[in-house]
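What follows is a short report on a single structure.
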Amino acid sequence: MSGDRRTPKWNDLEVVAGNGLLDRRVFLAGGAAFAAAITGYTLSEPVAAQQLVDAPWSTTAGLPIPDYGVPSRFEKLVARTLSNPSGAPRTQHARTPHQLLTGTFTPNGLHFVISHSGNPDIDPGTHRLVVHGMVKRPLSFTLDALGRYPMQSRMTFIECGGNSAPLFSREPVQGTAQALHGLGSCAEWTGVMLSTLLEEAGVDPAATWLVAEGADSLAVSRSVPIAKAMDDAMIALYQNGERLRPGNGYPMRLLLPGWEGNMNVKWLRRIKLVDMPAMSYYESRTYAPILPNGKAYQFYFLQEIKSFITHPSPGLSLTGPGVYEISGIAYSGNGRIAKVMVTADGGTSWAQAALQEPVHPKAFTRFRVPWRWDGTPAVLQSRAWDEAGNVQPTRAQIIAQRGETATAVTNAAAFPSQHYNGPTSWAVGPGGDVTHVYA
Amino acid sequence: MRRCDGARVRRCEGASACLFALAMLAFGGGAARAQGPGLGTPVSEAEIAAWDISVMPDGSGLPPGSGTAAQGAPIFAAKCAVCHGASGKGGPNAALVGGAPLTSGIDTTKTIANFWPYATTLFDFTRRAMPWTQPRTLTSDEVYALTAYMLALNGIIDDRDVMNAETLPDVRMPNRDGFVVRFPEKTP
């Protein structure tokens, strides 16, 4: 669809903030006619009206149904980007293409993955989960046994502590939403509450932490406070209804809703109850960001409130003046998203976005604002609030506390620091191209 | 879910501490959380021994055995230098010696000498994860020797110091006090 389609209605819509942001309530009442007028984002040129004829696929029988469905062959570009496709001895990252997805849940094949030594090829029949240490009864669980426990499903985002790290660069790093924010995804996870298994094992009241460990070759391990384990931690067995994908921990992972991705230990095989943190490699060294004064943060458990605009964003050009939908993702490790505000004039004025219901706690929430772009330069940014009263900090606030790099970062895959949860600003140029800026 | 009532609440410092206290009360008091069918198989610590590789900062979990830097040097040359460079100076993978002051910038490369708070982590990580292509093939003596070698390369211990379950936890790492707990209310 082109950018300059018109309906009789769009000219009447109320502008609620600078540079053409429109009232979100158009989505709520009488939105159907309007929705048809909203343009998509396209990489190709607008197509002129033409005489319609039957295409080849309409005049012959279609292909057999595959046993496991995959996207249309025309959707090959909707894929993760890989940092280490040959599996060289170092970490592999696969980033979610946020700018090519919408809705709130990440398809399993596009869920982000970080594997520090590749995905182990685990036989579920021989995999075991052991709970031991400061417990009355050390126990071992098979996957079949866990399948007979009471299960729960919950929507939860998982985000790497290093997601959005390029925004610590002194100068804005150019990259898509995928390159900058692709190490976070959201799924429906189903499994057994960890508290149920801990109760069966009988935890010594003197235990304050547990050490969770994977069956991967590096035996990645992280220490988790027992309060979190008893609150909402889950042994996740299913991801969006099917078994976990190998990259996401098949056949089982620890799920700590709202907490740092690496702590959600994949390929989980062991939980040891202890009375101090293990100070494992990943907690004491890797996921401990350096502060400007030379100290470093330790136990940065939470993925705090964040939002970013996915449509438009770099790679999704606007095809001309007209009405567009600005949309994006907001989430908070502290609970539900309560409000998202969007600006089109670099922060001078703001419009409230519509939130896609239902809004789940600690899950991606899709926000949308209608926008009439007049073809002049605009700077888009979103800012989120959660039900616990947390507000997404500005980049200036984060930099004041956490610092930024002394020189510009040139590699979008670098991790100059961690836990950036400030805003992302997209500049729309007169030609409709979108670039990353600081505003 | 959360029932903060009466005297229990007043003893709670914050919301998460409150939850924690209630969870523990529910636990100790036998009040049921989600009840499972009890399908865990009892397992002895002896049966778990091969998996139980956690080493704590106080040294618990360290196995018997010992090693020195001199014993570690040839093992390092044979099994580690291909990735970490001769004498740990860096190669395809990280340098294991040296490091700039952490005040050089938030993106300063973290090293054993400038960052790691505990020497026990060096033993734990080497034993569980290295050499990268053949993890958990080193003997305890070899891990002690390699740990001693990497600590001595960085001038943290002396070349002749013997590393074992008693001496390793007492090694004081240069950046031991370099940390700020980000969420004290959630950190026991």
Side-chain angles (χ1 to χ4, degrees), chain A residues 89-90 117 130-132 137-141 145 148-150 168 193 195-197 199-201 203 205 208-209 211 217-219 221 225-227 230-231 269-270 272 274 276 278-281 284-285 288-302 402-406 416-417, chain B residues 16-17 19-20 23-24 26-28 32-45 47-48 51-58 61 83 92-93 101-108 110 115-118 120-121 124-125 128-129 132-133 135-136 175 178-183 186-188:
Chain A
R90 57 188 162 83
S117 61
V130 163
V131 178
H132 74 126
R137 297 169 289 277
L139 295 173
S140 163
F141 298 90
R148 287 172 55 191
Y149 277 67
F168 283 104
M193 297 309 285
S195 55
T196 305
L197 303 187
E199 178 166 315
E200 184 175 333
V203 177
T208 47
W209 294 78
V211 182
S217 73
L218 301 188
S221 81
I226 290 206
M230 299 306 289
D231 177 11
R269 77 170 186 189
R270 190 167 72 95
K272 183 175 190 177
V274 291
M276 68 184 83
M279 306 310 294
S280 76
Y281 176 68
S284 70
R285 183 267 189 206
I290 301 172
L291 297 166
N293 66 1
K295 298 279 184 190
Y297 270 142
Q298 197 168 62
F299 302 128
Y300 210 133
F301 298 138
L302 274 167
R402 304 280 314 281
E404 63 182 348
T405 62
S417 187
Chain B
S16 74
L19 253 184
F20 175 64
M24 290 291 103
F27 222 54
R33 298 181 68 89
Q35 187 72 45
L39 297 175
T41 308
V43 57
S44 69
E45 291 290 348
E47 288 168 309
I48 302 166
W51 283 10
D52 186 9
I53 52 174
S54 302
V55 173
M56 311 304 277
D58 68 354
C83 292
N93 297 111
L102 295 180
T103 46
S104 315
I106 59 167
D107 52 349
T108 306
K110 298 169 187 172
F115 203 82
W116 294 44
Y118 294 98
T120 46
T121 308
D124 176 281
F125 186 66
R128 75 173 57 236
W132 199 87
T133 38
R136 299 188 286 288
N175 196 40
F179 296 87
V180 182
V181 172
R182 177 63 181 85
F183 294 107
K186 294 185 188 298
T187 309

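Fair warning: this is a prediction, and the values are worked out from it, not measured in the lab.
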Check the pair B/R128, A/S280 against side chain to side chain donor-acceptor pair (under 3.5 Å), reporting the backbone distance first and the verdict last. CA-CA 11 Å; B/R128 75 173 57 236; A/S280 76; over 6 Å; no
Evaluate ring pair (Phe, Tyr, Trp, His ring centres under 6.0 Å) for B/F179 paired with A/Y297, printing each intermediate quantity in order. CA-CA 6 Å; B/F179 296 87; A/Y297 270 142; over 10 Å; no
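Considering only heavy-atom pairs separated by less than 4.5 Å from chain B, the leading option among A/P89, A/G294, A/P225 is A/P89. Taking chain A as the reference chain and counting heavy-atom pairs below 4.5 Å, the highest number among B/G38, B/S104, B/G61 is found for B/G38. The candidate from A/G403, A/A406, A/A278 with the greatest count of non-hydrogen atom pairs under 4.5 Å with chain B is A/A278. By number of non-hydrogen pairs under 4.5 angstrom with chain B, the leading residue of A/A201, A/S284, A/A145 is A/S284. Counting heavy-atom pairs under 4.5 Å between each of B/W132, B/W51, B/F183 and chain A puts B/W51 at the top. Interface summary for chain A: among B/P42, B/P135, B/P57, the most heavy-atom pairs under 4.5 angstrom belong to B/P57. Of the listed residues (B/T108, B/N175, B/I53), the one with the most heavy-atom contacts under 4.5 Å to chain A is B/I53. Ranking A/S417, A/S217, A/P150 against chain B, the residue ahead of the rest is A/S217, based on heavy-atom pairs under 4.5 Å. Comparing B/T120, B/V181, B/T41 by how many heavy-atom pairs each has under 4.5 Å with chain A, the most go to B/T41.
Of the atoms belonging to A/M193, not a single heavy atom falls under 4.5 Å from chain B. The contact between A/K272 and chain B is made entirely by side chain atoms (from C-beta outward), counting heavy-atom distances below 4.5 Å. Proximity to chain A involves both the backbone and the side chain of B/P37, based on heavy atoms less than 4.5 angstrom apart. Only the backbone of A/R402 comes within contact range of chain B, with heavy atoms under 4.5 Å apart. When heavy atoms are compared at a cutoff of 4.5 Å, A/V274 approaches chain B solely by way of its side chain, counted from C-beta outward. Heavy atoms of B/F125 lying under 4.5 Å from chain A belong exclusively to its side chain. In this structure, chain B has heavy atoms under 4.5 Å from both the backbone and the side chain of A/R148. Of the atoms belonging to B/I48, it is side-chain heavy atoms, and not backbone ones, that fall under 4.5 Å from chain A.
When each of B/D107, B/T103, B/L102 is checked for a side chain to side chain contact (heavy atoms under 4.5 Å, CB included) with A/I290, only B/L102 meets the rule.
Considering all non-hydrogen atoms of both residues, B/D52 and A/R270 come closest at OD1-NH1, 2.9 Å. Taking both residues in full, the closest heavy atoms of B/L39 and A/Y149 are given as N-OH, 2.7 Å, listed atom of the first, atom of the second, then distance. In plain terms, the two heavy atoms of B/P117 and A/M279 that are nearest each other are CG-CE, 4.4 Å. Closest approach of A/M276 to B/M56, counting heavy atoms only: O-CE, 3.1 Å. Scanning all heavy atoms of the two residues, the minimum distance from A/A288 to B/F115 falls at O-CZ, 3.3 Å.
Atoms OG and NE2, from B/S54 and A/H132 in turn, are 6.5 Å apart once rounded to the nearest 0.5 Å. Distance OH/A/Y300 to OG1/B/T187: 12.5 Å, rounded to 0.5 Å.
A donor-acceptor contact shorter than 3.5 Å is absent between the side chain of B/R182 and the backbone of A/A296. For B/K186 (side chain) and A/L302 (main-chain N/O), no donor-acceptor pair under 3.5 Å exists by modelled atom type. With hydrogens and angles disregarded, no donor-acceptor distance shorter than 3.5 Å links the side chain of A/E200 to the backbone of B/G36.
Ring geometry for B/W116 versus A/Y281: interplanar angle of 30 to 60°, hence tilted.
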